[in-house]
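Presented below is the structure to which this report refers.
Position 1 is the first residue of the sequence, and the numbers go up from there.
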Amino acid sequence: MPHLPSPARRSVLRGALAVSAASAVPTALGAAPAFARSGRPAASWGVQAGDVTAHSGLVWVRSDRPARMIVETAATESFRDARRWHGPLLGPGTDLTGTTRLHGLPAGEQIHYRVLLADPDDPRRTGEPVTGTFRTTPAGRRRGVRFLWSGDLAGQGWGINPDLGGYRIYDAMARLDPDFFLCSGDNIYADGPISATAPLPDGSTWRNITTEEKSKVAETLAEYRGNFRYNLLDDNLRRFNAQVPSIVQWDDHEVRNNWYPGEVIADSVTAYTEKRLDVLAARARRAFSEYFPLSTLSPGDRNGRVYRVMRHGPLLDVFVLDMRTYRNANSPDAQTTDPVGIMGAEQLAWLKRELKRSRAVWKVIAADMPLGLVVPDTTEGRPNYEAVAQGDPGRPLGRELQIAELLRYVKHQRITGTVWLTADVHHTSAQHYQPSRAAFTDFEPFWEFVSGPLNAGAFPASDLDGTFGPERVFVKAPTASNVSPAEGYQFFGEVDIDGGSGELTVRLREQDGSVLFTQVLQPGLVGQ
């Protein structure tokens, strides 16, 4: 049975967005936030925490004007004996966003924090504080771990619909009170403009909140930044951010559908004036680093990276992949040698090394793309493939060679407790991979679970590629393409690790939180 936030935590959350809930959506429609008139900085976009460990965490905020970021932390919502952290000066160089790293925190404790924004010229002039909370990673395993994952937000033109209550799925996720939320990519749809209305199959009209930056495909840094701001106009998302810390990765729609390094958009695509994907990706990466708290990536850091391992006590390590930045070009993917693959050689070496080092009971591999599901790339008419599989059920080819190498390594190094989580395909499913069904057999059985979208068009189930022997044990997907969130088919997943037995339970859930499918996995096994 899901546990609900404590009364103290709920009261913090009610106050967390008293400012932003009242101001952010009206701002998008043309009204000024209440605190903009007061002459003091305002955190109208809420707060969020990310990449939390046993003794550290990152806290993010955006101001409405230049300001000094100040964070206070305490063990209770009264903020008695609060500890103060002086953060960065927020200015136009980071689109008025900033992140403060907290360190020396107690392990396994509820941390209450509040962010104050101070006038740079008069530190005594501060705006209304905005509060949030998170739990640090426990030092022991007794409490267990619960987290959620999903992806794909505001896609295919389906944005924040006030008639439906906005992104309601975030309220359902918040009720489960997870330790963290893993966002598996496509946090925005920079290539997907959002119009004020869209027709629905029953003759009714979908209505969107709109902004200038979402009126066209993103090309400039300002437009990419505006795409990230758009989602923060939603009350549900801001409340969720104040309650649940995140682990965020990215995929293609943070830049453009199915992009890869070195790609150049065809001249016939008139929506884009900038045709070089490397240029667009650099701008998108900058905005991404400004709008999420990531421990390995900060604004202006060219050496930073999205892939990383987040350790959550003795029960769990999360290996966050980047299957976008280092990949080779999308192609028919039938080559018999492929040293680059979908991760790049350096990232693959890192993943193998970190998996071998891990002493966690469970090793979740957070992939932004599925393994055995065929994802075609028909962008501009190309008959290419976007993910790992290319539909040939025979021996590994193309990017499958890199995955085969990894799966073989896990088997021969006897690495226990690996589970794959992903999103991307806009339906939910569970696949079991079994050597006895596969063309490539030098691996141990494993599970891959798919969830999403959060608020985007839903699509039919993808075809399976038999190379690694997947069997689709469960799926829920529409039969038509681009089904709107008004018709359902919005999903998230839950992972619950029991502190006593070490069992890992995966639940695939619908938008309202109802459980569609459950799978229990046993600890200490190389494959299952």
Side-chain angles (χ1 to χ4, degrees), residues 151-158 184-186 188-194 198 216-219 250-278 280-281 284 323-325 327-335 338 340-342 367-394 397-400 403 422-429 431 450 452-453 456-467 470 472 475 477-484 489:
D152 315 303
L153 186 59
Q156 290 73 50
W158 311 111
S184 302
D186 292 346
I188 61 169
Y189 278 71
D191 56 335
I194 288 178
K216 63 178 291 293
V217 298
E219 298 179 84
W250 78 339
D251 193 34
D252 56 335
H253 289 287
E254 281 82 3
V255 183
R256 183 179 184 253
N257 186 42
N258 296 350
W259 77 274
Y260 52 83
E263 182 183 4
V264 177
I265 301 171
D267 290 337
S268 59
V269 180
T270 58
Y272 286 86
T273 56
E274 175 55 69
K275 306 291 187 179
R276 297 165 296 174
L277 261 297
D278 289 351
L280 296 176
M323 302 170 88
R324 187 58 52 182
T325 305
R327 62 166 52 202
N328 51 18
N330 291 355
S331 72
D333 208 32
Q335 60 270 27
D338 192 347
V340 176
I342 200 166
D368 44 296
M369 301 222 71
L371 298 185
L373 280 64
V374 180
V375 184
D377 175 13
T378 57
T379 306
E380 300 163 26
R382 296 184 298 235
N384 296 330
Y385 292 94
E386 157 73 350
V388 174
Q390 78 291 80
D392 181 339
L397 296 171
R399 293 169 179 161
E400 292 172 336
I403 301 303
T422 190
D424 183 72
V425 289
H426 297 228
H427 62 259
T428 189
S429 65
Q431 286 78 234
V450 180
F459 286 82
S462 305
D463 293 336
L464 294 182
D465 182 315
T467 297
R472 186 176 278 135
V475 63
T479 56
S481 294
N482 196 17
V483 172
S484 84
Y489 298 103

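- Residues meeting the salt bridge (Lys or Arg N to Asp or Glu O under 4.0 Å) test with D377, sequence neighbours left out: R382.
- Taking each heavy atom of L397 and A334 in turn, the nearest pair found is CD2-O, 3.8 Å.
- Residues passing the side-chain contact (heavy atoms from CB on, under 4.5 Å) test with S331 are D333, Q335, sequence neighbours excluded.
- Between the side chain of T422 and the backbone N or O of A367 there is at least one donor-acceptor pair closer than 3.5 Å.
- In terms of the side-chain hydrogen bond (donor to acceptor under 3.5 Å, both in side chains) criterion, Q156 has no residue partners (sequence neighbours excluded).
- Listed by chain and residue number, V255, W259 satisfy the side-chain contact (heavy atoms from CB on, under 4.5 Å) test with A281 (two or more places apart in sequence, or in another chain).
- Remark: R399 pairs with no residue by the salt bridge (Lys or Arg N to Asp or Glu O under 4.0 Å) rule, at least two apart or across chains.
- Applying the side-chain hydrogen bond (donor to acceptor under 3.5 Å, both in side chains) test to D278 and every residue at least two apart in sequence or in another chain returns nothing.
- The two atoms that bring V450 and T428 nearest to each other are O-OG1, 2.8 Å, heavy atoms only.
- By the ring-ring contact (aromatic ring centres under 6.0 Å, His included) test, F459 is found to be paired with H426, residues two or more places apart in sequence or in another chain being considered.
- The salt bridge (Lys or Arg N to Asp or Glu O under 4.0 Å) search around R472 returns none, not counting sequence neighbours.
- For K275, there are no side-chain hydrogen bond (donor to acceptor under 3.5 Å, both in side chains) partners, not counting sequence neighbours.
- Counted by atom type alone, D368 and S184 present zero donor-acceptor pairs between their side chains at under 3.5 Å.
- The ring-ring contact (aromatic ring centres under 6.0 Å, His included) check on H253 picks up Y189, with sequence neighbours excluded.
- Residue L371 comes nearest to V388 through the heavy atom pair O-CB, 3.6 Å, listed as atom of the first residue, atom of the second, then distance.
- Scanning for salt bridge (Lys or Arg N to Asp or Glu O under 4.0 Å) contacts around E386 gives R324, R327, with sequence neighbours left out.
- Every residue two or more places apart in sequence or in another chain that forms a side-chain hydrogen bond (donor to acceptor under 3.5 Å, both in side chains) with W250 is listed here: D322, T325.
- Panel note: side chain E263, backbone I265; no donor-acceptor pair is recorded below 3.5 Å.
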